[in-house]
Amino acid sequence: CDIRSLGYEEKRKLLATIEKAVAFVTTMIFQDGSSQLNSEQVLTSSVKGVVVLVKNQTDYPCLPGYSSTDCTWDAANEDDKLIYLKTEWSSLWEQEQQAHKKFTWQVLFQMLRCKVPIICFNAKDFLRTLLQVYGNEISWKQVADSVVLDPRIAAWLINPSDTVPSFECLIQKYFEKPFSVETVNTDTGPLRNTSYQNLGVNLEKLYNVMMDLAHDLQVQGLWKLFCTLELPLIKILAVMETHKIHVNKQELKKTSEILGLRLKELEQEAHQVAGERFLLTSSHQLREVLFEKLKLHTLCEKVHRTEIQQLVSTSEVVLNKLQDLHPLPKIILEYRQVHKMKSTYVDGLRMCMRKGFISSTWNQTGTATGRLSAKHPNIQGISKHPIRITKKQYIKGKEEEIVTISPRTLFVSKKGYTFLAADFSHIELRILADLSSEPELLKLFQEPETTDIFSSLASQWKGIPSEQVKHADREQAKRIVYSVVYGAGKERLADCLGTTPLQASQFIESFMQKYKKINEFTKKTIEQCRNKGYVVSIMGRKRPLANINAQDYKLRTQAERQAVNFVVQGSAADLCKMAMVEIFTSVVVSPNLTARLIAQLHDELLFEVEDSQIQEFS
DNA sequence: ATTTTGACGCTAGG
DNA sequence: CCTAGCGTCAA
């Protein structure tokens, strides 16, 4: 039914029905007639309304062996109700519209409040839209109370390697029989009944797929992870996406110009020393200049090659080795740094801005390790380290001004609020210590005098007193540790360290000698993966690795590295998500705290906190 | 002749 | 190891 055509009594009855419902299955309808169930998610099309399938039957057959595609909308559930809620209004006829608007949000509010599961494909988008449309009527804390289920997240937990691209793909995967989702065809006219019918069928399928997935999750021991971590996260991310961060637009424009000037200077210098004009941003052209014309690689042993085409690389590590042989590599290195800064962090950020603000889009199912990812902008990848630029002041005579540019300072907190960051300290290393129970490593973390874990580790490893640990030793220890965590081989470590593979393997050897249990942990993990076909994190997150028993050496060893890496990185992701959920809920239950989560940078949570609440919140 | 797409390389984050 | 994003280049 369309709620616009309901009388007073019917509306009352509808609310009563909602009160008794056992589940809601929902999807948003867009201006162009598509819904969240269509494969092409149109970003330009605005939201027109919400369709809700209200499930009233508790005894719905959902047993194994029962093919859910057999049931149709008409046959299976006469008691269920399909309702259409329009959330978009024209500015005309205030009186009438106000009444509808009020009732619509009454219905939605009751759905959120009554703790009955709301099943939605891409539930985060649904919740975010509610917050945006009813921003004045619904507070973000109320959304936090709701119970949402998203089959896409369930499917991802079962196999995080395949990101289900659409509802159609999900259905095809789970009920092998292919079928098509017809678009709801409505131009400007009223929705036709057949469209409702079709949508009803699809919502029914959505419900069934969710029930099947719930069963699978329970069988696979993923149910708790799903309910306690991933489902609450949907709401957290929805709330996060509704919060906007202010960016200093003038500063952005100014720095873009400064960086542009510096790039021009560097380009000129590069052409000068190269003795020819070429495109600095083209690694292909740079390769011709460096290695075919100047033949610099012949003066250097073992240079890194590109992955696919096996050409001599022009990457940072190689350029670092070449910088004493010719002035060009150094210029290129600076050019790349400045270019990255301009294209990604300055101009790229400006492209993401809407009225002086940015807000990232968070993907909960985008990684194979359980981590989150962000885009538009990728706030997790914004450069930490500032760069220095010598700006020539042509106007004021011959003065030279050194300006430092650090992208993170371009974000400004609201007036009366402060950004507050809380981060884990070396979480992956701690997890490695815990999982391997390596006594020496555990000791390092337990010792209260340990202020810098990598310095202490370097001192412990090489047996030198901690005061004599040099910066280079610390860096080396750090790189080796993370190479082990990330499962890198000797070649990769050599690239990372800028040494030969032989030396790198000696480092690994010496490291493994000192910390034997780490090696044992690695072997045990790979062995378990071989037997079961998957690996498991601390919270039971799984990653199947089909290639773990492959004949092909390259594929198999890759799978082995992925296995080890997953256990560490995935467990870290578990703990970080737990922290998110716990902090979020404690703010929600607090009557006075207003702190908003702004971003998650894997092992760091960034909040915007009212100045007066900083103490209490901390 | 011009635009789009996919493969590849590089680098920022963790 | 796993991400996002910017760039070139050829199809």
Side-chain angles (χ1 to χ4, degrees), chain A residues 160-161 163 263 278-288 304-320 332-349 351-352 360-387 406-408 423-429 431-432 478-479 481-489 492-493 495-496 522 525 535 537 543 545 557-573 575-576 599-606:
Chain A
S161 299
T163 307
L263 285 177
F278 69 102
L279 199 52
L280 296 217
T281 45
S282 166
S283 49
H284 183 261
Q285 290 183 28
L286 177 65
R287 184 148 41 232
E288 281 180 347
H304 183 239
R305 290 183 175 269
T306 57
E307 191 57 48
I308 316 287
Q309 299 201 149
Q310 293 296 311
L311 300 168
V312 181
S313 171
T314 65
S315 64
E316 193 183 335
V317 267
V318 176
L319 261 41
N320 271 326
I332 297 294
L333 282 170
E334 191 184 346
Y335 185 90
R336 288 225 180 116
Q337 197 178 38
V338 177
H339 187 266
K340 175 89 181 176
M341 186 70 79
K342 177 164 157 60
S343 65
T344 306
Y345 306 126
V346 179
D347 296 345
L349 204 65
M351 293 295 289
C352 297
S360 294
T361 303
W362 295 88
N363 191 352
Q364 202 175 342
T365 59
T367 68
T369 53
R371 276 159 46 144
L372 296 172
S373 74
K375 64 179 184 186
H376 261 258
N378 174 13
I379 203 165
Q380 295 179 318
I382 285 166
S383 185
K384 239 184 165 176
H385 305 292
I387 63 166
S406 56
R408 292 194 178 188
D423 68 292
F424 285 94
S425 167
H426 312 113
I427 185 170
E428 295 192 338
L429 196 54
I431 285 166
L432 186 66
K478 184 175 167 183
R479 286 182 179 158
V481 163
Y482 281 113
S483 295
V484 173
V485 173
Y486 297 150
R492 193 167 281 270
L493 181 62
D495 290 339
C496 190
T522 304
T525 303
V535 268
S537 76
R543 179 170 186 187
L545 288 163
T557 50
Q558 173 175 249
E560 288 172 355
R561 292 191 295 272
Q562 287 171 329
V564 175
N565 178 68
F566 175 85
V567 178
V568 180
Q569 197 181 110
S571 298
L575 298 195
C576 295
Q600 189 248 38
L601 318 188
H602 302 124
D603 65 344
E604 172 182 338
L605 298 177
L606 184 65

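To find a chain, count down the sequence lines: A is the first, B the second, and so on, and within it residues start at 1.
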Between [options], which nucleotide has the shortest distance from any of its atoms to the side chain of [X]?
| X | options | result |
| --- | --- | --- |
| E307(A) | dG9(B), dG5(C), dG14(B) | dG9(B) |
| I308(A) | dC6(C), dC2(C), dC8(B) | dC8(B) |
| R408(A) | dG14(B), dG5(C), dA12(B) | dG14(B) |
| N378(A) | dC2(C), dC10(B), dA4(C) | dA4(C) |
| S383(A) | dG9(B), dT3(C), dA12(B) | dA12(B) |

- May I ask you to test the L493(A)-Y482(A) pair for a side-chain heavy-atom distance under 4.5 Å?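 Heavy-atom side-chain distance check fails, nothing below 4.5 Å.
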
Whole-Å distance separating the [atom1] atom of [X] from the [atom2] atom of [N]:
| X | N | atom1 | atom2 | answer |
| --- | --- | --- | --- | --- |
| R287(A) | dC10(B) | CZ | C1' | 11 Å |
| Q380(A) | dC2(C) | CD | P | 16 Å |
| H304(A) | dT11(B) | NE2 | C1' | 14 Å |
| K375(A) | dG5(C) | NZ | C1' | 12 Å |
| E334(A) | dT11(B) | CD | P | 14 Å |
| E316(A) | dG13(B) | CD | P | 10 Å |
| F424(A) | dG13(B) | CZ | P | 21 Å |
| N565(A) | dT3(C) | CG | P | 10 Å |

- First of P160(A) and H284(A) reached from the 5' end of DNA chain C, by closest nucleotide: P160(A)

Considering every strand and a 4.0 Å limit on heavy-atom distances, what is the contact class for [X]: base, sugar-phosphate, or nothing?
| X | value |
| --- | --- |
| R305(A) | nothing |
| Q337(A) | nothing |
| E604(A) | nothing |
| A572(A) | nothing |
| R336(A) | sugar-phosphate |
| I379(A) | nothing |
| T314(A) | sugar-phosphate |
| Q562(A) | sugar-phosphate |

OP1 or OP2 of [N] less than 4.0 angstrom from a side-chain nitrogen or oxygen of [X], does that happen here?
| X | N | result |
| --- | --- | --- |
| S373(A) | dA4(C) | yes |
| S313(A) | dC10(B) | yes |
| R371(A) | dT3(C) | no |
| S282(A) | dC9(C) | yes |
| S315(A) | dC10(B) | no |
| T344(A) | dC6(C) | no |
| K384(A) | dG14(B) | yes |
| Q285(A) | dC9(C) | yes |

- Message: Checking side chain to side chain contact (heavy atoms under 4.5 Å, CB included) between L263(A) and each of V338(A), L280(A), T281(A), which is the one that passes?
- Response: V338(A)

- Per side chain to side chain contact (heavy atoms under 4.5 Å, CB included), C576(A) is matched among H602(A), Q600(A), E604(A) by Q600(A)

- hbond_proxy Q309(A) side chain to dC8(B) base (donor-acceptor, 3.5 Å cutoff):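 Result: no qualifying N/O pair found.
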
To the closest 0.5 Å, what do you measure between [atom1] ([X]) and [atom2] ([Y])?
| X | Y | atom1 | atom2 | result |
| --- | --- | --- | --- | --- |
| N363(A) | L372(A) | CG | CG | 8.5 Å |
| D347(A) | H339(A) | CG | NE2 | 9.0 Å |
| H284(A) | T306(A) | NE2 | OG1 | 10.5 Å |

- Message: Under 3.5 Å, is there a donor on one side chain and an acceptor on the other for R305(A) and S315(A)?
- Response: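 Judged by distance alone, the side chains do not pair up.
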
